[in-house]
Undergrad: 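Structure below; questions to follow.
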Amino acid sequence: MPVLLDQVEAGAGSESVWRELWTMLCIEGETLVPGSLAALPRLVALARSETQALEMAGAIVRSAMTDDQGERMFVESPDAIAELRELVDQRLQTRPADYIWGYRTLLAIEGQFHWSAVLGDFSDDFYKVACPHCSLNVTIAIGGYGYYSACRDWDAGDVDRRDLRPASIAELDGMGRWMYDLAVRDGQDRLAEGITYLMGRAECPRCASVFRIADEYAAANLPPMFSVRLARSKIG
């Protein structure tokens, strides 16, 4: 791996070299290997001029939710993470065709691994959440198929649909407001609108209770290390 990084730093990064680096550092863009975090600072330095390096560094950060990788990444490479954040943010402001890639990378850098892993552009997003009152598995649709909560039936599809209740701009706060503002800044209107629904409320098709979609999804999908950190912060 160091030899391959030396090659790309020397300007000899052929497609085959980059393919081998992807295989060695972030398999299929999702699975890290022991050397991934050690390579991150060098990749970020390369990312100033190499798109491949920017994409690989972003993939490593998005994949770092497994085991203790995320904790180590933030502790061991804070300067690299900060620079990567700046580089990705600069790219987003150019409104690239793959905008959602950079958006999800920034979410991972902010520790929002659960959203980074699943968030789409709201063309046809679906989320599964459990009703906090009756434990029914509720399907949440946000996008071209509609904006609703429903029971998913194997044969009949989504049944007992209930309209979602989007959050108003004034109701958005914390990470939800950050996500919305970023999308608005970069002219991503569909993404911004979808976030108001994701941060809004859904009605359970079985018991008719109303709950916040993002709260229930995050509670069920936070990586273990962040769940522990959150619990400790509440105790403190």
Undergrad: Would you kindly say whether E55 and W101 are connected by a side-chain donor-acceptor distance under 3.5 Å?
TA: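 Note: E55 and W101 side chains miss the donor-acceptor criterion.
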Undergrad: So, does R162 use its side chain to make a donor-acceptor pair with the main chain of P205 at under 3.5 Å?
TA: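 Confirmed, R162 side chain pairs with P205 backbone.
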Undergrad: Closest heavy-atom contact between E216 and F211?
TA: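 E216 and F211 have their closest heavy atoms at CG-CD1, 3.6 Å.
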Undergrad: Side chains of E50 and V8, heavy atoms from C-beta outward: is any pair under 4.5 Å?
TA: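 Heavy-atom side-chain distance check fails, nothing below 4.5 Å.
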Undergrad: State, to 0.1 Å, how close Y99 and L182 come at their nearest heavy-atom pair, and which atoms those are.
TA: OH-O, 3.5 Å
Undergrad: If you apply the rule side-chain contact (heavy atoms from CB on, under 4.5 Å), what do you find for S209 with C131, and how did you get there?
TA: CA-CA 8 Å; S209 63; C131 172; 3.4 Å; yes
Undergrad: Does D186 use its side chain to pair, donor to acceptor, with the backbone of Q188 at less than 3.5 Å?
TA: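 Pair absent, no side-chain N/O of D186 close to backbone of Q188.
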Undergrad: Using every non-hydrogen atom in the two residues, find where V138 and S149 come nearest and quote the distance to one decimal.
TA: CG1-CB, 3.7 Å
Undergrad: In terms of hydrophobic clusters joined by side-chain contacts under 4.5 Å, are F113 and L37 together?
TA: yes
Undergrad: Hey, is the main chain of K128 close enough, under 3.5 Å, to the side chain of T139 for a donor-acceptor pair?
TA: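 Looks like no, no N/O pair under 3.5 Å.
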Undergrad: I need the minimum non-hydrogen distance between A167 and L172, along with the two atoms involved.
TA: CB-CD2, 4.0 Å
Undergrad: Looking only at non-hydrogen atoms, find the nearest pair between G120 and D125 and report the distance.
TA: N-OD2, 3.0 Å
Undergrad: Going by the angle between their ring planes, with limits at 30° and 60°, are F122 and Y127 parallel, tilted or perpendicular?
TA: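 Taking Y127 first and then F122, their aromatic rings sit tilted (interplane angle of 30° to 60°).
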Undergrad: Begin from the C-alpha positions of T105 and R62 and carry the test side-chain hydrogen bond (donor to acceptor under 3.5 Å, both in side chains) through to its verdict.
TA: CA-CA 6 Å; T105 300; R62 292 196 310 276; 2.8 Å; yes
Undergrad: For the pair F126 and Y145, name the ring-plane relationship: parallel under 30°, tilted 30 to 60°, perpendicular over 60°.
TA: tilted
Undergrad: Examine distances only and state if a side-chain atom of T94 and a backbone atom of R91 form a donor-acceptor pair shorter than 3.5 Å.
TA: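 Side chain of T94 to backbone of R91: a pair is present.
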Undergrad: Show the nearest heavy-atom pair for residues L43 and L25, with the distance to one decimal.
TA: CD1-CD1, 4.1 Å
Undergrad: With a 4.5 Å cut-off on side-chain heavy-atom distances among I, L, V, M, F, W and Y, is there a chain of contacts connecting V210 to Y147?
TA: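 Not linked; separate clusters.
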Undergrad: So, does R165 use its side chain to make a donor-acceptor pair with the main chain of A202 at under 3.5 Å?
TA: no
Undergrad: For R85, does its backbone N or O pair with a side-chain atom of D89 as donor and acceptor, under 3.5 Å?
TA: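 Side chain of D89 to backbone of R85, a donor-acceptor pair under 3.5 Å: no, none is there.
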Undergrad: Between E171 and I169, is there a donor-acceptor pair closer than 3.5 Å when you use the side chain of the first and the backbone of the second?
TA: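 Absent.
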